[in-house]
Amino acid sequence: MVASFALRGLCRARAAFRCDLAELLWVPRRGHRLTPADDELYQRTRISLLQRESPQSMYIDSYSSLGFMVNGNRVLGPCALLPHSVVQWNVGTHQDITEESFSLFWLLEPRIEIIVVGTGDRTERLQPRVLQAMRQRGIAVEVQDTPNACATFNFLCHEGRVTGAALIPPPGGTVLTTLAQAAE
C-alpha cells in the first residue's frame, strides 16, 4: 500500500513537472516588457515646449551681395559661422582663404566636424595646402557656391552635427534672397 501511494505521488509530481516544462517552452522569450510596470502607471508625462528648431543652433535665413541674415540678425560681408556665434571673416575672395584664415575653426572645443565654404556665386577651388592642413586636423571641408553652402550648413545643423561655415557673399544685386526662393 505504501508503494502504491509513493507511485501515485511520483506520477503526480511527474505530470506537474511535465506541465511546468510545457509552460516554460510556450512562454515567449522577449527582451523587453510590453506593459508598464506598476510604478510607471501613475506617473505623468509633461512637455514644456515643442520647437521645430533648436534655439542654440545657427540658421541662415537669407543672403545677398551685402551679407547674410543669420538667426534674424544681419551680418555684413564675409562671415564665419561657428556652432554658437558669428564672426566677421577677413577675406575678400576665395584666393584670400589661407590656413591662417581657417585657424579659428580648429581652435574650438568641441571640435568642428565639417566646414562648409561658400565661395560666392560659383564654386571655386581652394589651395591644396589649405585643404591638406584641415584634413590633418581631422576637419572635413565642403566647398560650394554660397547659395548651396547656406543650404548645406542649415541641413547639417538641423541634423545636430558640429558644423562651421565660412561664407563669402555672392556678388550681384542687393536684393535679399531667401533660401526658399533660391531653391526654386
Side-chain angles (χ1 to χ4, degrees), residues 45-184:
T45 302
R46 226 184 313 166
I47 299 175
S48 304
L49 179 65
L50 290 176
Q51 289 183 328
R52 193 180 70 116
E53 301 291 328
S54 171
Q56 294 86 9
S57 68
M58 302 299 284
Y59 185 78
I60 303 169
D61 299 316
S62 60
Y63 61 89
S64 73
S65 63
L66 297 177
F68 304 89
M69 190 72 94
V70 180
N71 288 355
N73 299 311
R74 186 173 301 232
V75 180
L76 297 175
C79 66
L81 301 177
L82 306 171
H84 299 289
S85 60
V86 180
V87 295
Q88 292 297 144
W89 196 36
N90 193 19
V91 297
T93 66
H94 71 282
Q95 296 165 342
D96 298 332
I97 298 173
T98 63
E99 194 174 336
E100 184 182 352
S101 65
F102 271 142
S103 63
L104 67 120
F105 291 106
W106 67 69
L107 295 174
L108 295 174
E109 200 56 47
R111 294 190 65 71
I112 290 183
E113 300 172 20
I114 184 168
I115 297 172
V116 181
V117 181
T119 57
D121 59 346
R122 25 179 279 188
T123 303
E124 302 287 350
R125 297 187 85 157
L126 297 183
Q127 299 170 13
R129 68 175 183 269
V130 173
L131 296 174
Q132 183 180 7
M134 297 305 285
R135 203 174 310 119
Q136 286 173 346
R137 289 178 171 87
I139 300 173
V141 177
E142 179 69 32
V143 181
Q144 298 176 336
D145 60 302
T146 298
N148 287 321
C150 291
T152 301
F153 176 78
N154 287 344
F155 178 77
L156 291 171
C157 285
H158 183 72
E159 279 190 336
R161 306 272 303 269
V162 183
T163 307
L167 303 171
I168 300 171
T174 59
V175 177
L176 226 57
T177 306
T178 62
L179 293 176
Q181 290 171 341
E184 294 172 358

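Residue indices begin at 1 and follow the sequence shown.
Between P78 and P169 the shortest side-chain heavy-atom distance falls below 4.5 Å. Side-chain contact check for Q127 versus I97: every heavy-atom pair is 4.5 Å or farther apart. With contacts defined as side-chain heavy-atom distances shorter than 4.5 Å, the pair T98/S101 qualifies. Contact of the D145 side chain with the P170 side chain is not registered, since no non-hydrogen atoms from C-beta on lie closer than 4.5 Å. Within the 4.5 Å cutoff, the side chain of F102 has heavy atoms near those of the L126 side chain. By the 4.5 Å heavy-atom criterion applied to side chains, N71 and M58 are counted as neighbours.
Rounded to the nearest 0.5 angstrom, E99 CD and Q132 CD are separated by 9.0 Å. Interatomic distance, CH2 of W89 versus CG of L81, reported as 10.5 Å (0.5 Å rounding). Expressed to the nearest 0.5 Å, how far CD of Q144 lies from CD of E124 amounts to 13.5 Å. Once rounded to the nearest 0.5 Å, the distance linking CZ of R74 with CG of D61 reads 11.0 Å. Interatomic distance, M134 CE to W106 CH2, rounded to the nearest 0.5 Å: 6.0 Å. The line from CD of E142 to OG1 of T163 is 11.5 Å long, rounded to the nearest 0.5 Å.
Residue pairs satisfying the ring pair (Phe, Tyr, Trp, His ring centres under 6.0 Å) criterion with at least one member in residues 109-133, sequence neighbours excluded, are absent.
I112 and G164 make their closest contact through CG2-N, 3.7 Å (heavy atoms, listed as atom of the first residue, atom of the second, distance). Scanning all heavy atoms of the two residues, the minimum distance from V143 to T123 falls at O-CG2, 3.7 Å. Heavy atoms only, all atoms of each residue included: A165 and F105 are closest at O-CZ, 3.6 Å. Residue V162 comes nearest to P110 through the heavy atom pair CG1-O, 4.1 Å, listed as atom of the first residue, atom of the second, then distance.
Taking the six-membered ring where the residue is Trp, Y63 and F68 present tilted rings, their angle falling between 30° and 60°.
Distance alone, capped at 3.5 Å, is enough to place a donor-acceptor pair between the T119 side chain and the R122 backbone. In terms of modelled atom types and a separation under 3.5 Å, the side chain of T146 and the main chain of I168 share a donor-acceptor contact. In this structure, N154 contributes its side chain and I60 its backbone to a donor-acceptor pair below 3.5 Å.
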- Stepwise, does the side chain to side chain contact (heavy atoms under 4.5 Å, CB included) test hold for L82 with L104? CA-CA 9 Å; L82 306 171; L104 67 120; 3.5 Å; yes
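The 12-atom threshold is exceeded at CG of D96, counting heavy atoms of other residues, nucleotides or ligands nearer than 6.0 Å. Within a 6.0 Å radius of CD in E100, other residues, nucleotides and ligands contribute 12 heavy atoms or fewer.
Evaluated for a side chain to side chain contact (heavy atoms under 4.5 Å, CB included) with I114, the options V141, T152, L156 yield exactly one hit, L156.
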